[in-house]
**Q** 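What follows is a structure written as structure tokens; I'll ask about it next.
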Amino acid sequence: MTALTIQTQPIAGQKPGTSGLRKKTPVFMGPHYLENFVQAIFDVVGTKGKTFVLGGDGRYFNDRAAQVILRMAAANGAARVIVGQGAVLSTPAASHLIRLNQTDGGIIMSASHNPGGPNEDFGVKFNMPNGGPAPESVTEAMYQRTTEITEYHILQAQDVDLGTVGRVMLGAMVVDVVDPVADYADLMESLFDFDKITAMFAAGFRMRMDSMCAVTGPYAVDILERRLGAKPGTVTHATPLPDFGGMHPDPNPTWAHELMAEMMGTDAPDFGAASDGDGDRNMVVGRGIYVSPSDSLAVLAANAHLAKGYRGGLKGIARSMPTSAAADRVAAALGIAAYETPTGWKFFGNLLDAGKATICGEESFGTGSDHVREKDGLWAILLWLNILAVRGDSVADILAAHWAKFGRNYYSRHDFEAIATDKADAMVTALRAGLGDLPGRKLQGMEIASADDFAYTDPVDGSVSAKQGIRVNFTDGSRIVYRLSGTGTEGATLRVYLERYVAGPEGLDRDAQEALAPVIAAAHDLAGITRFTGKAAPDVVT
Ligand code: G16
């Protein structure tokens, strides 16, 4: 087989965002687009004699992109690629395989929670040998490479059969096609008390898992229905489809509305959960009660010791800055460190590698631990199940007891989507310019204590990440954060994060939007959201 060298030239805008390069699928399918970016990855990380993991969430173009990446890996001199059968791997499973096989990293094809299909979204990201997303220094180097690329290398060969588990050769490169589920499911079995969860299901506990026609279907069926004995059919939308069956595979109350309706209805199951396109996000719902991701992180951290993998306790808890401070209260009670990082799972990597944190979480429906270096939807769902099995309480009771002990951080995120980029930028620029004048200003009966643009210094390597979100803190502990999304593919999405702390014992069981009403009004006043975006109300509320 011949390795071809193709002349190419830079394509503008191949800049990875919060989580890799995400673009509309037709853009990725355009001439040299995928190839240029993959070559930039290989040029930065090096390929000769190396082993990589490859897989994706099964969305449209996943299969063909995998063949291109394999041919390029072979032409660039890689020794071996471990690829999920059908080119499918959930993001946490890919992270696990990178670590388990001590590889030199991996390429994950996904646009995560964004819709898939011929006219929807596609994405490619590189994960490091520790299993985690490449840090900013590496993605920046990849971007720089895309601006100067002149050629890429690709083997002239037919498609590899990725449908059959086993070893095949592609030129001189080994391709190991592996079962995408088995190793990951074994890892889960090593962390959680499957016997206790099995006993709970056997005693009649009912669950609904919505895999949203995305990658977790086969994982959830194997783990929940086969290994843990949940009733067949517990997992719905369990077959991954290239267009996710038209669903928007983002597990939040807006997009997982079928699950929400069931959980809020009569005869709701005991526990409901959903995961996203690539399986790293999760939403958890009790019978009649939604669990905000920030609360979920706090409850999981406070109860993790009930599961066998965490019986020895936690080393620390890390959360992204816009995530509520509920987890910090747990860390304080446990006497362990709490870390506040910028948005993006990659910022947890150093803390996990250095053994400073065991559990991490984000308001964006991500929770995980040091078992892999990605957030992990099914992991969070299984830890909840483990806690429910040990405590024997309902989700609502567990939340009520948690708030009674720690107080409640009322929390919500309001998203204003597909705003013209110049309008969003203008709003943020105006906010930044006025930050110095904010302390002391009164709004909605609250007084601003401080305001800044979050900058983070990594406690492990000292790297600094600036401009990570505008924070406005009030004297009563309420907080507003403004941030532009780094994962969208169309215009800009403004995220407004709203938080208010109530110590209790009164006022712990209010509706979150109602409890946050003054903070929401203040957020609009301060930023002129309607004036800049033309929107009076958010598109998505989580
Ligand atoms: C990605 C990152 C998450 C991050 C999220 C933020 O999620 O992996 O760590 O919280 O982006 O998204 P945004 O910048 O839009 O607020 P995912 O699930 O898309 O990989």
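Heavy atoms only: backbone and side chains are in, while hydrogens, waters and symmetry mates are out. Counting starts at 1 for both ligands and their atoms, following the listed order.
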**Q** Report all protein residues having a heavy-atom distance below 4.0 Å to some atom of ligand 1; order the list by chain, then number.
**A**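 Within 4.0 Å of ligand 1, protein side: Thr18, Ser19, Arg22, Ser112, His113, Asp280, Arg281, Thr343, Gly344, Trp345, Glu362, Ser364, Lys375, Arg483, Ser485, Gly486, Thr487, Arg495.
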**Q** With sequence neighbours left out, what residues match Phe61 under ring-ring contact (aromatic ring centres under 6.0 Å, His included)?
**A**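 Residues passing ring-ring contact (aromatic ring centres under 6.0 Å, His included) with Phe61: Phe122.
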**Q** Are Asp210 and Arg208 ion-paired here, with the side-chain N under 4.0 Å from a carboxylate O?
**A**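 Salt bridge flag = no for Arg208 with Asp210.
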**Q** Can a donor-acceptor pair be found, under 3.5 Å and without considering hydrogens, that links the side chain of Thr25 to the backbone of Asn119?
**A**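 Not a single qualifying donor-acceptor pair exists.
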**Q** Could you check if a side-chain atom of Val330 sits within less than 4.5 angstrom of a side-chain atom of His402, using non-hydrogen atoms only?
**A**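 The answer is yes, as the side chains (C-beta and beyond) meet within the 4.5 Å cut-off.
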**Q** For Tyr501, check ring-ring contact (aromatic ring centres under 6.0 Å, His included) against everything at least two apart and list the hits.
**A**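 Tyr501: no ring-ring contact (aromatic ring centres under 6.0 Å, His included) contacts found.
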**Q** What residues, two or more places apart in sequence or in another chain, satisfy side-chain hydrogen bond (donor to acceptor under 3.5 Å, both in side chains) together with Asp121?
**A**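 Here the qualifying residues are Lys24, Asn114, Thr489.
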